[in-house]
There are 2 protein chains.
Amino acid sequence: MTSRVTMSDVGHAAGVSHQTVSRVLNEPHRVNQETRDRVNDAIKRLKYHRSSVARALAMNRTKSIGLISTGLALHSHSKRMIAFNEAARASGYQVSMASLPTAEREPMQAALDVLMGQAVEGIVLIVADKRALDILDSLELDVPFVVADSGGSTDKHNVAIDQFLGARMATAHLADLGHERIAHIAGPDWSLDATERLRGWRTELESRGLPVSEPLFGNWTPESGYERGLELAASGEFTAVFAANDQMTLGVLHAFADRGMRVPDDMSVVGFDDIPEAAHFIPPLTTVRQDFVQLGFQIMSTLLSLIEETDIAEPVHTEPELVVRKSTAPRRP
Amino acid sequence: MTSRVTMSDVGHAAGVSHQTVSRVLNEPHRVNQETRDRVNDAIKRLKYHRSSVARALAMNRTKSIGLISTGLALHSHSKRMIAFNEAARASGYQVSMASLPTAEREPMQAALDVLMGQAVEGIVLIVADKRALDILDSLELDVPFVVADSGGSTDKHNVAIDQFLGARMATAHLADLGHERIAHIAGPDWSLDATERLRGWRTELESRGLPVSEPLFGNWTPESGYERGLELAASGEFTAVFAANDQMTLGVLHAFADRGMRVPDDMSVVGFDDIPEAAHFIPPLTTVRQDFVQLGFQIMSTLLSLIEETDIAEPVHTEPELVVRKSTAPRRP
DNA sequence: AGGATCGATGTGAGCGCTAACATTGGTCAC
DNA sequence: GTGACCAATGTTAGCGCTCACATCGATCCT
């Protein structure tokens with residue numbers, strides 16, 4: 001390990017003081033052009049990298065934010081994470097990440113402690129788990145945090161794509177095609193997203209006076225979708241189904257294929273997420289697309305306004321988009 | 001923001017020096033039981049949190065490692081990332097992450113600069129792009145780094161699941177079923193993983209004296225798989241196909257379905273990755289599974305041995321596993 | 001008894017940076 | 001010409017911690 005090149009070293013090499021080097025880095029306009037060039041040259045020559053650790057200590061600012069997430073296997077989670085990460089980088093923030101297997105209290109607590117020790121300036125939670133919010137509540141952290149989830153709770157800052165609306169759009173699409181018995185395969189009940197999607201489905205049906213059946217619950221996995229799909233096929237009660245994510249929908253499609261049901265002829269199917277695979281399901285899936293890139297930037301800007309106390313950010317909800325493919329068709333008479 | 005509670009504050013409250021507080025935290029056994037209790041009490045009372053920033057500056061150790069990745073949309077990449085993240089956390093390391101859209105020089109350079117400034121103790125690259133390695137080479141970073149990729153280059157530390165072997169297994173499976181004309185849909189040519197898988201397919205065919213056709217190239221997406229699938233269906237030359245990842249394979253399946261080809265009756269298909277969806281493709285996909293969790297730990301332990309210079313770590317290759325489902329069948333006479 | 005040893009604690013310096021103030025030399029106005 | 005001013009740079013003091021060393025009794029050995 002070569003010992004670190006410091007500002008003084010650079011200053012020495014350029015024949016100036018360390019403070020001038022600091023100025024070149026922080027407020028270049030306050031330094032003479034010629035000096036600046038000399039310093040920049042020395043920086044390059046010595047391969048100087050400013051220590052952001054020392055900087056953080058001196059300024060009491062780390063320009064880093066903590067990210068806690070669970071269930072990254074979920075397409076929507078990993079998308080959110082990636083999008084946020086890029087947004088943060090674009091804003092000059094560094095993200096320190098903790099991916100946990102589950103939203104248990106202990107690991108969350110521990111992760112948060114580490115992050116706080118790192119003096120992150122904000123925390124983003126990509127954890128679609130109601131429990132996580134309770135834990136967060138009880139922790140009284142004193143940095144701003146944003147929950148990247150469709151929220152029920154209004155006392156927190158959350159940024160999300162409007163899951164409720166998306167679910168209504170999906171359900172409306174089926175209803176518009178003439179379907180009246182529309183089943184729903186929901187996500188796990190601890191998931192906020194799942195709750196919102198369920199609510200959207202129910203609300204849309206009610207607003208049209210269509211019968212609301214008991215929803216079936218899955219756990220986001222294709223397996224659970226397959227099982228619920230078999231049940232659905234057996235019941236024979238429905239002509240359409242809206243499943244709360246594309247992975248479960250794949251399982252549903254599989255189950256229907258196994259039972260000899262044709263989609264969309266015998267049954268219309270809508271998913272949620274528009275994962276890259278969805279366009280190539282058999283048949284290609286009608287689903288609800290979310291713009292995660294935009295979401296990432298919104299999370300970041302909300303967090304920024306919180307950190308800089310410019311403004312109390314309002315909950316932001318962007319609109320999802322229905323992508324119609326081949327898994328839905330008008331109800332046969 | 002309340003001003004920070006420091007070690008001296010705690011020391012003062014407990015009637016000892018700041019150094020004793022430090023000792024209580026770092027080497028408790030060297031402090032008198034009674035004093036220790038008093039200090040711990042004060043810590044609790046004042047809600048003291050040690051500043052890991054100051055600590056890092058004093059010790060010149062951050063216990064953090066940088067992660068650079070691109071193409072996180074790819075299942076295998078995001079899996080590697082998650083697995084590594086959890087492994088790092090288990091080893092008491094914090095991971096600072098930079099997810100880039102592409103492996104261009106500029107952004108890579110920038111990300112690396114930031115990471116180096118953060119004084120990370122190591123770098124992990126989850127970038128399956130040959131170009132990335134060249135860039136890395138030209139950068140001469142002076143912290144250890146590990147490339148989480150099947151490597152060609154022996155001068156770098158890389159940890160990977162043996163893609164070559166996996167591809168051979170997939171191909172051998174098809175050959176064992178009696179197939180002789182076995183096509184390959186490869187990943188993009190800049191991808192190391194793709195190159196290894198292609199090599200595995202070719203090697204296996206050659207070792208059995210089977211004809212090696214010109215491989216088709218996709219870009220990992222279902223769309224590209226669909227297109228190559230249509231070409232394959234049109235050619236009518238093959239009875240089996242091995243595609244370099246499951247997403248492309250889904251497209252292939254879709255194309256075959258569109259052309260009225262039945263899998264596995266008319267054509268056997270094998271994928272690679274075993275994404276969660278694979279078990280519910282229609283038909284359920286025979287594919288090659290990789291144990292990413294183990295991989296994550298291996299990356300971490302390789303990195304650790306590099307950081308601590310305990311040992312020059314050998315390239316590690318773990319074995320993948322063939323998962324036989326319903327997309328492959330014996331060749332019909 | 002005198003020094004060697006040891007456990008328990010304190011002291012001071014320094015990690016690499018920034019912030020605040022000090023210094024220098026030139027320009028301008030009267 | 002003298003003071004006021006300003007732009008460009010230097011000097012000094014921390015930020016909160018750890019490390020190396022100093023101190024100080026008490027214990028032990030010969």
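Bear in mind that the values here come from a model prediction, so they are computed numbers and not experimental data. Every chain is numbered from 1, with letters handed out A, B, ... down the list of sequences.
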If each end axis of the helix from dA1(C)-dT30(D) to dC30(C)-dG1(D) is fitted on five C1' pair positions, the angle between them, to 10 degrees, is 50°
Minimum heavy-atom separation for Y93(A) to S64(A), with atom names? CD2-N, 3.8 Å
In short, T35(A) meets T20(A) closest at the heavy-atom pair CG2-CG2, 4.1 Å
Nearest-0.5 Å distance that lies between atom CZ in R23(B) and atom NE2 in H29(B): 10.5 Å
Tabulate below the donor-acceptor pairs under 3.5 Å that side-chain atoms of residues 65-77 of chain A make, not counting sequence neighbours, or state none.
{"residue": "H77(A)", "atom": "ND1", "partner": "T70(A)", "partner atom": "O", "Å": "2.8"}
{"residue": "H77(A)", "atom": "ND1", "partner": "G71(A)", "partner atom": "O", "Å": "3.3"}

Distances under 3.5 Å only, N/O to N/O: pair up the protein atoms with those of nucleotides 12-15 of chain C.
{"residue": "dC15(C)", "atom": "O2", "partner": "A58(B)", "partner atom": "N", "Å": "3.4"}

Checking all strands, does V53(A) fall into the base, sugar-phosphate, or nothing category for heavy-atom contacts under 4.0 angstrom? nothing
Go through residues 40-52 of chain A and report each residue with a non-hydrogen atom lying under 4.0 Å from DNA chain C, sorted by number. Y48(A), R50(A), S51(A)
Shortest non-hydrogen contact from S96(B) toward Q94(A): OG-OE1, 2.6 Å
d(CE, M7(A); C1', dA19(C)) in whole Å: 13 Å
Nucleic acid contacts - residues 25-38 of chain A versus DNA chain D, non-hydrogen atoms under 4.0 Å: V31(A), N32(A), T35(A)
Ignoring backbone atoms, test whether S17(B) places a side-chain nitrogen or oxygen under 4.0 Å from the OP1 or OP2 oxygen of dT9(C). no
I123(B) versus L112(B), closest heavy-atom pair with distance: CD1-CD1, 3.7 Å
Specify the closest pair of heavy atoms between A13(A) and L46(A), including all atoms of both residues, with the distance to one decimal. CB-CD1, 3.9 Å
So, T62(B) and Q118(B): side-chain donor and acceptor under 3.5 Å apart, yes or no? no
Any salt bridge (Lys or Arg N to Asp or Glu O under 4.0 Å) pairs touching residues 63-72 of chain B, not counting sequence neighbours? none
With a 3.5 Å distance limit and no angle check, can you tell me whether R36(A) reaches the backbone of V24(A) through a side-chain donor-acceptor pair? no
Could you walk me through whether E104(A) and R131(A) pass the side-chain contact (heavy atoms from CB on, under 4.5 Å) check? CA-CA 8 Å; E104(A) 306 294 326; R131(A) 290 172 299 169; 3.9 Å; yes
Take atom CZ of R61(B) and atom P of dC17(D), then tell me their distance rounded to the nearest Å. 19 Å
Separation of I126(A) CD1 from R80(A) CZ (nearest 0.5 Å): 7.0 Å
Going by atom types only, do R50(A) and N26(A) share a side-chain donor-acceptor pair under 3.5 Å? yes
Calculate the interatomic distance between R23(B) atom CZ and dT11(C) atom C1'; express it in whole Å. 11 Å
